[in-house]
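Beneath this line is the structure, given in structure tokens, with notes to follow.
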Protein chains: 2
Amino acid sequence: MNELQSKPGTADAVAADLERAIHEHRLPPGTKLGEDELGEVYGISRTTVRAALQSLGHRHLVQHKRNRGAFVAQPTVREAREVFEARSLLEPRTAHSACKRMTDDNIRALQAHIDAEHAALDAGESGRALYLSGRFHIEIARMADQSTIETMISELVSRSSLIIALYWQRRAALCESQAHHALISAFVDRDAELAEELMKNHLLDLVTSLDLRNSSSIPGTLKEALAK
Amino acid sequence: MNELQSKPGTADAVAADLERAIHEHRLPPGTKLGEDELGEVYGISRTTVRAALQSLGHRHLVQHKRNRGAFVAQPTVREAREVFEARSLLEPRTAHSACKRMTDDNIRALQAHIDAEHAALDAGESGRALYLSGRFHIEIARMADQSTIETMISELVSRSSLIIALYWQRRAALCESQAHHALISAFVDRDAELAEELMKNHLLDLVTSLDLRNSSSIPGTLKEALAK
DNA sequence: GCCATCATAATTGTATACAATAAAGTTTCA
DNA sequence: TGAAACTTTATTGTATACAATTATGATGGC
């Protein structure tokens, strides 16, 4: 919600930390999130851990299995399509709104974001680069001054990171930078219509770069299929 | 999520029950939701109550105040505008999708929904009528076969109910029925473009029927203003 | 040797107890 | 009499203990 982070040890702080770890692919889909284990890591009791896991569960980043525990979510092909469908409804129009309100400072902040993303890539920190790439979309929503939509996009972006972890085909460098650069150009030109169109196409490109064929080999699902 | 309700006594069941009560205006904005009190009502411990309240908090239906407790949320004017802005991005296009997939059974179900709404109004159960009126929108999202978007719309509809409780001007009968009837006609004609346009205008009508002037007298906020 | 069944261990689900904080009421002093 | 400070009370925040369920490993029969 707000930029200033919560005090360490609170459920919100733990949830934010876990969400970032998930977003950066340090916690891959399917990872078991034991309550005792997390409690020991963060030096808190299970009560607080459970609150954090419940929060992430509401955001569809963690999947709860009855009497089994919490696991980093593994979005299905269907869920993946739905997430990007939702993004395609929200983000293009939000980019339009953001463009109309955007200040020079906003544009500089976005540019700095991309620079940091490049720096992370050069440093071999692909997880951090992916995180920053997602934040770019969230920042645009924030600049549209629509906190409700921003919250929704934030959740969708994090879920997208899980989808990318599962269905990304080309492990090569993220070609997103080009699309983000083009968006900034539109912002500089104050061309809201173009920004909307660019965002729409950017999301379309993202979806088509995924391998969303039905019942493809999904890591971790094989095991579950055999368990039955 | 799924139609079949959870076992009574679980956090999900309590949250669903509270959400419905809020949606039906049996729990007005600002109502204190004491943990001990709720625990006694439902015959469960505070642990489960807290899980339910956290869930509602994440859906923005309940506002948590540090060391003060949980209260039924009181959306601000700004939040009200944002909620309907988000709905206007999601629902028209979703109505379009739903129209293209809609079966005759679906249409009959929607018609039954409206009939039940009318019956509730005739019986003087305005809260239940409002609830059913909101469910109408959620049912359409379900028929679009987009569960992710459905979840989002469901939250926005519930929040809209709070907004209506705070900012509704005309206490007269809900004029929504007309708009809903028109939507069904479009579904019958399989006119997706028309359905999209009707939904867009329906949401616009809803917003304009609210009194969203800044710093108008909001029930319950007066007290807080004086408390400082 | 393999499979089924049972016992054990580990983990989550739930309730309760204690600590911390804030509200309210009381007392005291000006 | 009024206001400020203190005490009391009530409520939430956190941790811990117990119960229920499931996974795992062992044992025995086929």
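Everything numeric here is computed off the predicted structure, so don't read it as measured data. Note that these values count all heavy atoms, side chains included, but never hydrogens, waters or copies made by symmetry. Each chain gets a letter, A, B and so on, in the order the sequences are listed, and its residues count up from 1.
Salt-bridge formation is detected for the pair B/Arg135/B/Glu139: a Lys NZ or Arg NE/NH1/NH2 atom is positioned less than 4.0 Å from an Asp or Glu carboxylate oxygen. A salt bridge is defined here as a Lys NZ or Arg NE, NH1 or NH2 lying under 4.0 Å from an Asp or Glu carboxylate O, and B/Arg20 with B/Asp17 fails to meet this definition. A salt bridge does not link B/Asp115 with B/Arg108: every distance from a Lys NZ or Arg NE/NH1/NH2 to an Asp or Glu carboxylate oxygen is 4.0 Å or more. Ion pair A/Glu155/A/Arg59 not flagged as a salt bridge, since none of the NZ, NE, NH1 or NH2 atoms sits closer than 4.0 Å to an Asp/Glu carboxylate oxygen. With salt bridges taken as basic N to acidic carboxylate O contacts below 4.0 Å, one links B/Arg159 and B/Glu79.
For the side-chain contact (heavy atoms from CB on, under 4.5 Å) with A/Val72, the lone residue among A/Leu61, A/Leu56, A/Leu162 that qualifies is A/Leu162.
Put simply, CG on B/Asn67 is 4 Å from C1' on C/dT21, counting in whole angstrom units. The distance between atom CZ of A/Arg68 and atom P of C/dT12, rounded to the nearest whole Å, is 10 Å. When the P atom of C/dT11 is taken as reference, atom CD of A/Glu35 falls 11 Å away, rounded to whole Å.
Under a 3.5 Å cut-off, the side chain of A/Glu150 and the backbone N or O of A/Ala141 do not form any donor-acceptor pair.
A 4.0 Å heavy-atom criterion places the boundary nucleotides of DNA chain D facing chain A at D/dA15 to D/dA23, written 5' to 3'.
For the ring-ring contact (aromatic ring centres under 6.0 Å, His included) test, residues two or more places apart in sequence or in another chain that qualify with A/His180 are A/Phe136, A/His137, A/His202.
Contact check of residues 37-56 of chain B against DNA chain C (heavy atom, cut-off under 4.0 Å) returns B/Ser45, B/Arg46, B/Thr47, B/Thr48.
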